[in-house]
Amino acid sequence: MKSVLITGCSRGLGLEWVRQCSAAGERVYATCRDPDTADELRALAAGAAGVSVHRLDVTDAAQIAALAAELDGVALDLLVNNAGVYFERWGKDRLGSIDYDAWLETFRVNVLGAARVTEAFAGQLAAAEQGLVVAVSSHMGCVSDIASPNDYAYRSSKAAMNATFHGLAYELAQHRIGVLLLHPGWVRTRMGGASAPVKVEESVAGMREQVARFGPERSGRFYKHDGRELPW
């Protein structure tokens, strides 16, 4: 049975990752900032023997360390860095109204949080036959794809995530751990909005297909959920 740790599971993509991994018979460690208010996640876990829910704020080093200690000895086949924030969407950050505190918080969650979690669980990933780290990124982090203003915090955080995990791929390869950067598409979630063209189920199924197709030659590379490789 494969073991999977997923961050940001209270709703949206994270919740669907839990649902699909559980349906595939995998052991799922589902994390979120506040399990007490994550009603859908708790209901899903209650009906699935292989799912457990854990409190984890990816910006809280103490919580990360505590969960890593709790899962000491577990061989993790897959870590999905899904937790993320997008505060300034819909043009809220035009010049003159940029919220720099929110920009810093975006980096704390989207970049440092994902890096902290990956570092903390490297031992558990190395204990698996072929550990794999997924970083849920975005095409908005592709510098070559920027053709409009705004979204500065989110775009720069995803570009930084890409650079971070592309580099980590070289170090983690020494421990037989792969790295896969994935763009979920423009997904119909609270973040993506009701007009987004991609269903949550379709996005996660596509990302899981990229995980299934992973080989060492793909480590550190960036793919859309449909398998198309993306530029930096």
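Only this structure's heavy atoms are used, side chains among them; waters, hydrogens and symmetry mates stay out.
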For [Y], is there an ion pair with [X] - N to carboxylate O distance below 4.0 angstrom?
X    : Y   : answer
R33  : D60 : no
R208 : E16 : no
R11  : E40 : no

Is the closest side-chain donor-acceptor distance between S10 and D34 under 3.5 Å?
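Short answer, no.
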May I ask you to check whether S156 and W103 show a side-chain donor-acceptor distance below 3.5 Å?
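Per modelled atom types, S156 and W103 side chains form a pair under 3.5 Å.
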Hydrophobic clusters here meaning ILVMFWY residues chained together by side-chain heavy-atom distances under 4.5 Å, can you tell me if [X] and [Y] are in one?
X    : Y    : result
L125 : L67  : yes
L41  : V136 : yes
V179 : V117 : yes
L79  : W17  : no
V85  : L15  : no

Heavy-atom distance under 4.5 Å between the side chains of [X] and [Y], does that happen here?
X    : Y    : value
I98  : L95  : yes
V211 : L132 : yes
F222 : S137 : yes
L78  : V134 : yes
E202 : V200 : no

With a cut-off of 6.0 Å (strictly less than), are more than 12 heavy atoms of other residues, nucleotides or ligands near CD of E129?
no
If you count heavy atoms of other groups shown closer than 6.0 angstrom to CD of Q130, is the number above 12?
yes
Before you tell me yes or no, could you show the steps for L181 and W232 under side chain to side chain contact (heavy atoms under 4.5 Å, CB included), namely the whole-Å CA-CA distance, both residues' side-chain angles and the distance that decides it to 0.1 Å?
CA-CA 11 Å; L181 289 135; W232 301 113; 3.7 Å; yes
Over all atoms of both residues, closest heavy-atom pair of [X] and [Y]:
X    : Y    : answer
P35  : V53  : CB-CG1, 3.8 Å
A169 : S219 : CB-OG, 3.7 Å
G14  : I6   : O-CG2, 4.3 Å
A48  : S22  : CB-OG, 3.4 Å
S148 : R155 : OG-NH2, 3.3 Å
V18  : C9   : CG2-SG, 3.6 Å

Residue pairs, two or more places apart or on separate chains, that pass salt bridge (Lys or Arg N to Asp or Glu O under 4.0 Å) and touch residues 102-128
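Output for this query lists E105-R108.
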Which residue pairs satisfy the salt bridge (Lys or Arg N to Asp or Glu O under 4.0 Å) criterion with at least one member in residues 65-78, sequence neighbours excluded?
none
Does the ring centre of W186 sit less than 6.0 Å away from the ring centre of H139?
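So the answer is no for these two rings.
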Start with the C-alpha distance between R213 and Q210, add both sets of side-chain angles, then the distance that settles side chain to side chain contact (heavy atoms under 4.5 Å, CB included), and finish with yes or no.
CA-CA 5 Å; R213 292 173 54 192; Q210 304 318 308; 3.4 Å; yes
Charged tip of R218 within 45° of Y223 ring normal and under 6.0 Å:
yes
Answer yes or no on whether R27 is positioned over the face of Y29, meaning its NZ or CZ is under 6.0 Å from the six-membered ring centre and within 45° of the axis.
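Yes, cation above the ring, under 6.0 Å and within 45°.
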Going through the distances and angles, do I177 and V133 end up as a side chain to side chain contact (heavy atoms under 4.5 Å, CB included)?
CA-CA 7 Å; I177 301 170; V133 177; 3.9 Å; yes
H166 and Y170 aromatic ring geometry - parallel, tilted or perpendicular at 30°/60° bounds
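Taking H166 first and then Y170, their aromatic rings stand perpendicular (interplane angle over 60°).
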Stepwise side-chain hydrogen bond (donor to acceptor under 3.5 Å, both in side chains) check, Y86 with D151:
CA-CA 8 Å; Y86 184 9; D151 302 304; 2.6 Å; yes
When you measure from the side chain of [X] to the backbone N and O of [Y], does any donor-acceptor pair fall under 3.5 Å?
X    : Y    : answer
R55  : C32  : no
R176 : L172 : no
E229 : R221 : no

Roughly how far, to the nearest 0.5 Å, is the [atom2] atom of [Y] from the [atom1] atom of [X]?
X    : Y    : atom1 : atom2 : result
H225 : L13  : NE2   : CG    : 10.5 Å
F87  : T106 : CZ    : OG1   : 5.0 Å
H54  : Q63  : NE2   : CD    : 13.0 Å

Can you tell which of N110, T7, T118 makes a side chain to side chain donor-acceptor pair (under 3.5 Å) with N81?
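With N81 as partner, N110, T7, T118 yield a single side chain to side chain donor-acceptor pair (under 3.5 Å), made by T118.
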Which is it for R94 and N150 under the side chain to side chain contact (heavy atoms under 4.5 Å, CB included) test, yes or no, and what are the steps along the way?
CA-CA 6 Å; R94 292 180 173 85; N150 305 123; 3.4 Å; yes
